[in-house]
There are 2 protein chains.
Amino acid sequence: MSHVRYRRLMAVDRDHVLRSAAALLTRKSTATMDEVARAAGISRATLHRQFAGRDALVRALEALGIAECEAALAAARTDEGPATDAVRRLVAEIEPHAGLLAFLYSENQLFEGEEQNEGWARIDESVATLFRRGQSSGEFRIDLTPAWLTEALYGLLASAAWAVAEGRVAPKDFTHMIVELLLGGVRRPAEPAARKES
Amino acid sequence: MSHVRYRRLMAVDRDHVLRSAAALLTRKSTATMDEVARAAGISRATLHRQFAGRDALVRALEALGIAECEAALAAARTDEGPATDAVRRLVAEIEPHAGLLAFLYSENQLFEGEEQNEGWARIDESVATLFRRGQSSGEFRIDLTPAWLTEALYGLLASAAWAVAEGRVAPKDFTHMIVELLLGGVRRPAEPAARKES
DNA sequence: CGCACGTGAGACATTCTTGTCTCATGCGGA
DNA sequence: TCCGCATGAGACAAGAATGTCTCACGTGCG
């Protein structure tokens, strides 16, 4: 019984620590274990009891990021309706986690070789499948590979997260900025007199 | 006399070291001073004689990146002709240095506060000016701010550089991928029967 | 030949971070 | 009240990277 109580308390704390760490590392990716602990309001010893080391912490954050991405993919129902709308929903779902994603994205570039978590491969595949679906349906152009579009989406998410964090762009525009640029590009569409497009 | 000789030799070496370091740090941004020295074919002592420390090395790389960006901006003649073509020229000019830029870009996110080199501000302004010019001329849409477009360009450059480095996309497509996505977006343009666009 | 100078190799102290450990404290339950 | 247990504080050793220094070597030049 008390076991259960304690377990639950620890679980709650673990989640809180994880989110604090994510928020801190998003801003300062080189933060030390001591800083992470302090940011979570616990001591370094306790932090170390919950996560065997820095690697374990980062791996836990990676798992969290993967879980959030998969949740976002599921919530966005990327296989339903027009691919265009699915992309909009996906970006909107990911927006709250873009900071963590940006951290993990750059963290992955930090090491060469060193196989990455298989979860990312699944997510890459889901996103690429969405783009591929859009190409098949004729919504998307076919001269840009799904792999590149996937990478580009990550890059735009990270850029936007950093730009927002540093106050260079307004947070409220986050989803709009990314979706509009990704879908429509910067070139102004040649206005064909009047058309159904608003 | 010998002064001149030695100065010139050192300058050449310095440039070689800088480029080796750029190439290495592009792949492994956490490379140690010893690895950087080894990559340049010199000893750690000599590396230290040319660059007071790691900070000095990174700052020198930053200066190199800034110089290359400014050279690219100049070579692309961003204030001439259609902004669309100017963007194409700019990306093409930057392509060879995208790896270094990606390293510096993520390096800048590593620290909070810590004022960044003013050179970046000038470059940001030049790029933003290009986008603003495109908006004024009616080539570009006006619902995306020049600041965001600038950030997005950096993000796409970094994404593409990493994707190429890891073999996820073909190097030869670099400029095409970035320019086409940035300018036209992923959405397939509604085909208005026949039009001047090829 | 002899000298000056850049260089490589390596020793060394220093600093930072990590990981482990111990101990006192406080809180909650039995 | 008493006990169990998680926590915080801090000491400690180990490892990595850095920065500094010395010394021997080789090359080029006078």
Side-chain angles (χ1 to χ4, degrees), chain A residues 1-22 24-62 103 106-107 109-114, chain B residues 1-22 24-62 103 106-107 109-114:
Chain A
M1 298 209 158
S2 63
H3 279 168
V4 181
R5 283 289 284 278
Y6 283 123
R7 285 248 186 100
R8 286 200 52 217
L9 283 175
M10 286 185 61
V12 169
D13 272 345
R14 183 187 151 96
D15 193 75
H16 169 243
V17 171
L18 228 35
R19 304 210 171 264
S20 303
L24 174 60
L25 291 173
T26 290
R27 298 196 312 270
K28 189 185 177 189
S29 60
T30 58
T32 187
M33 289 293 274
D34 198 87
E35 293 173 287
V36 172
R38 221 171 288 271
I42 63 178
S43 73
R44 196 166 69 93
T46 302
L47 175 61
H48 233 281
R49 286 180 191 112
Q50 297 191 344
F51 301 96
R54 192 174 217 285
D55 284 354
L57 175 62
V58 171
R59 267 184 283 117
L61 281 172
E62 198 172 27
F103 162 69
S106 64
E107 191 80 358
Q109 316 300 335
L110 237 55
F111 310 100
E112 54 180 353
E114 197 158 336
Chain B
M1 300 210 150
S2 63
H3 278 167
V4 181
R5 281 288 285 279
Y6 284 125
R7 285 249 187 100
R8 284 200 53 218
L9 283 176
M10 287 184 62
V12 169
D13 272 344
R14 182 187 151 95
D15 193 74
H16 169 244
V17 171
L18 228 36
R19 304 210 171 263
S20 303
L24 174 59
L25 291 173
T26 290
R27 297 196 313 271
K28 189 184 176 188
S29 61
T30 58
T32 188
M33 289 293 274
D34 197 89
E35 293 173 288
V36 172
R38 221 171 288 271
I42 63 177
S43 71
R44 197 165 68 94
T46 302
L47 175 60
H48 234 280
R49 285 181 191 111
Q50 296 192 343
F51 302 96
R54 190 171 220 284
D55 284 354
L57 176 62
V58 172
R59 266 184 284 118
L61 281 171
E62 197 171 27
F103 162 68
S106 63
E107 191 81 356
Q109 316 300 335
L110 236 57
F111 310 101
E112 53 179 356
E114 196 158 336

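Here is how names work: the chains are called A, B, and so on, in the same order as the sequence lines, proteins then strands, and each is numbered from 1.
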Note: contacts of residues 34-42 of chain A with DNA chain D (heavy atom, under 4.0 Å) are A:Gly41, A:Ile42

How many Å lie between CG on B:Asp55 and C1' on D:dA17, as a whole number?
13 Å

A:Lys28 and A:Glu35 have their tightest heavy-atom pair at NZ-OE2, 3.0 Å

When you compare the side chain of B:Arg59 with that of B:Phe51, does any pair of heavy atoms fall below 4.5 Å?
no

Regarding the side chain of B:Ser43, the nearest nucleotide among C:dA9, C:dT18, D:dG19 is C:dA9

For A:Ala60 and A:Arg14, which heavy atoms make the closest approach, and how far apart are they?
CB-NH2, 4.0 Å

Least distance between heavy atoms, B:Leu18 atom then B:Leu61 atom
O-CD2, 3.5 Å

Side chain of B:Ala45 only, heavy atoms from C-beta on: which candidate in C:dC21, C:dG10, C:dT7 is closest?
C:dG10

Side-chain N or O of B:Thr32 versus OP1/OP2 of D:dT18: is the shortest distance under 4.0 Å?
yes

Separation of D:dC21 P from B:Arg49 CZ (nearest whole Å)
12 Å

Of all the heavy-atom pairs spanning B:Val36 and B:Ala21, show the shortest one and how long it is.
CG1-CB, 3.7 Å

For the pair A:Gln109 (side chain) and A:Ser106 (backbone), establish whether a donor and an acceptor sit closer than 3.5 Å, ignoring hydrogens and angles.
no

Among D:dT7, C:dA9, C:dA11, the one nearest any side-chain atom of B:Arg44 is C:dA11

Quickly work out the A:Phe51 CZ to D:dT7 P distance and round it to whole Å.
12 Å

Is there a side-chain contact between B:Met33 and B:Leu57, using heavy atoms and a 4.5 Å cut-off?
yes

Expressed in angstrom and rounded to an integer, what is the separation of B:Arg14 atom CZ from C:dT7 atom P?
14 Å

Options D:dG19, C:dG19, D:dG8, nucleotide nearest the side-chain atoms of B:Met33:
D:dG19

Please state how far atom CG in B:Leu47 lies from atom C1' in C:dT7, giving the value in whole angstrom units.
13 Å

I need the CD-P distance between A:Gln50 and D:dA6, as an integer number of Å.
11 Å

Between D:dG8, C:dG19, C:dG8, spot the one nearest the side chain of A:His48, thanks.
C:dG19

